[in-house]
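All residue numbers refer to positions in the sequence shown, counting from 1.
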Amino acid sequence: MHQPHEVFPGLLILSVLAAAFCVWSAAGNEVNLCVTAGCTLFQDATLMGISFWWFGVAAFATLALLALLGAARLGTAFAALTLLADTGLLLLMAVTAPCISCLLVAILFALLYAGFRQVLYRKRAVKPGVTQGRSLLLIVWGLVFVINAWAVLRTQVGVWAITDNAQEATVRMFFSPSCPSCKEGISLLSGHVDVAFFPVAESDLDVYKTEHMLRSLGQGTSMVEALELAQSVEKSPILEAFSPDMLLLRLRMLCNKAHIFLSDSQRIPFFEYQGLPSMLRNKDKNRQSRKNVIAPSPSSSDNGNVALPLEPQIAGQCSGTAPCP
């Protein structure tokens with residue numbers, strides 16, 4: 001008497017859910033699960049004019065059918081092919097930008113491959129005591145996946161501004177409270193340019209100076225005055241130095257410093273532009289309206305705003321009382 005074929009319910013449900021997620025993503029869902037640039041990069045990626053998401057739908061639908069038919073051997077082989085293709089996509093993301101939605105799909109592919117492989121191992125007549133061997137494909141996939149996961153974590157290390165205009169400012173200045181060149185830049189820029197200031201610590205004393213600046217700014221002091229008042233600060237007692245607020249401040253300043261290092265620089269002041277600074281737009285307008293006029297000095301613009309006194313990106317490095325190169 002013919003026995004009905006075996007159905008793999010767990011693999012079937014997982015495949016259907018994965019296919020539904022791909023359909024939802026291909027249709028342009030309104031819920032933003034992604035927080036990385038890779039999501040925008042790969043959301044509309046196509047192959048032969050077909051979105052990657054629809055290829056995912058086809059792959060998961062096929063795996064669901066194989067799970068419904070109980071085809072362990074064919075399901076394992078097809079799952080291996082999909083995981084191999086997904087490993088290639090992970091490699092592409094590793095050298096460009098990771099996509100969180102794509103990483104979620106990658107996990108589903110890996111789970112389905114491992115599930116079909118386990119079912120196939122169970123169905124085979126294996127002698128007692130013999131264990132299932134490791135999958136080289138899963139190992140390679142896991143290594144590439146970890147690289148992408150680390151890239152996501154690294155990109156999510158946010159920077160912290162001591163001022164409240166971090167989102168609106170078109171210029172970012174990373175500074176140390178002990179850097180003479182930084183002091184000069186802050187005195188020239190603060191109040192004149194739409195700039196946000198991001199503190200980093202060149203020494204442990206910079207942490208205490210930054211904490212003093214925070215309190216001064218909270219009392220309504222200007223950035224220049226807060227920096228000046230912080231110069232006389234000394235180290236706090238050991239218990240206060242490791243209070244929760246101070247530990248959080250140390251972490252924030254370390255993240256700022258890591259951002260500079262990840263930007264292939266190790267020097268401060270460090271400048272970043274978020275779009276075209278307003279001072280440059282105003283200067284360009286004045287140049288268009290006035291001809292045969294001597295160009296303004298580097299320290300000022302025609303409308304009274306102060307321009308950047310230092311070169312973009314890298315502007316020299318200094319520590320304490322040491323002169324900047």
Within the side chain of [X], is there an N or O that forms a donor-acceptor pair under 3.5 Å with the backbone of [Y]?
X      : Y      : value
Glu184 : Pro180 : no
Asn256 : Trp160 : yes
Thr221 : Ala226 : no
Thr76  : Phe116 : yes
Lys209 : Ser178 : no

(message) With a 4.0 Å cut-off on N to O distance, would you call Glu6 and Arg122 a salt bridge?
(response)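 A salt bridge links Glu6 with Arg122.
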
(request) Answer yes or no: is there an ion pair linking Arg250 with Asp206, defined by an N-O contact shorter than 4.0 Å? (result)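 Salt bridge absent between Arg250 and Asp206.
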
In terms of hydrophobic clusters joined by side-chain contacts under 4.5 Å, are [X] and [Y] together?
X      : Y      : value
Leu91  : Val146 : no
Phe145 : Leu84  : yes
Leu89  : Ile147 : no
Ile162 : Leu248 : no
Leu229 : Val207 : no

(message) Strictly by ring pair (Phe, Tyr, Trp, His ring centres under 6.0 Å), give each pair with a member in residues 164-187 just once, sequence neighbours left out.
(response)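 Listed once each, the pairs are Phe174-Phe198, Phe174-His259, Phe174-Phe270.
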
(request) Only pairs at least two apart or in different chains count here, so list each ring pair (Phe, Tyr, Trp, His ring centres under 6.0 Å) that has a residue in residues 63-111. (result)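 Checked against ring pair (Phe, Tyr, Trp, His ring centres under 6.0 Å) - neighbours excluded - the pairs reaching residues 63-111 are Phe60-Phe109.
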
Rounded to the nearest 0.5 Å, how far does [atom2] of [Y] lie from [atom1] of [X]?
X      : Y      : atom1 : atom2 : result
Thr170 : Glu272 : OG1   : CD    : 12.5 Å
Glu202 : Ser176 : CD    : OG    : 4.0 Å
Leu143 : Leu90  : CG    : CG    : 11.5 Å
Phe197 : Ser190 : CZ    : OG    : 4.5 Å
Leu103 : Leu108 : CG    : CG    : 11.0 Å
Leu63  : Leu112 : CG    : CG    : 5.5 Å

(message) Counting only heavy atoms from other residues, nucleotides and ligands, does the tally under 6.0 Å from CG of Asp164 exceed 12?
(response)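 Count not over threshold, so no.
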
(message) Looking at Gln167, I want to see if its CD is surrounded by more than 12 non-hydrogen atoms of other residues, nucleotides or ligands under 6.0 Å.
(response)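 Count not over threshold, so no.
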
What are the two closest heavy atoms between [X] and [Y], and how far apart are they?
X      : Y      : result
Ala230 : Met213 : CB-CG, 3.6 Å
Pro269 : Met173 : CB-CE, 3.9 Å
Val57  : Ala19  : CG2-O, 3.8 Å

So [Y] and [X], do their side chains get closer than 4.5 Å, heavy atoms only?
X      : Y      : answer
Phe21  : Ser101 : yes
Val23  : Trp54  : yes
Lys183 : Glu228 : no

(message) Within the 3.5 Å criterion, strictly below it, is a donor on Ser216 or Gln219 matched to an acceptor on the partner's side chain?
(response)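 On atom types as modelled, these side chains do not qualify, holding no pair under 3.5 Å.
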
(request) Run through the side-chain heavy atoms of Ile, Leu, Val, Met, Phe, Trp and Tyr, join any pair under 4.5 Å, and report what else lands in Leu17's cluster. (result)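 Once heavy-atom contacts under 4.5 Å are chained together, Leu17 belongs with Ile13.
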
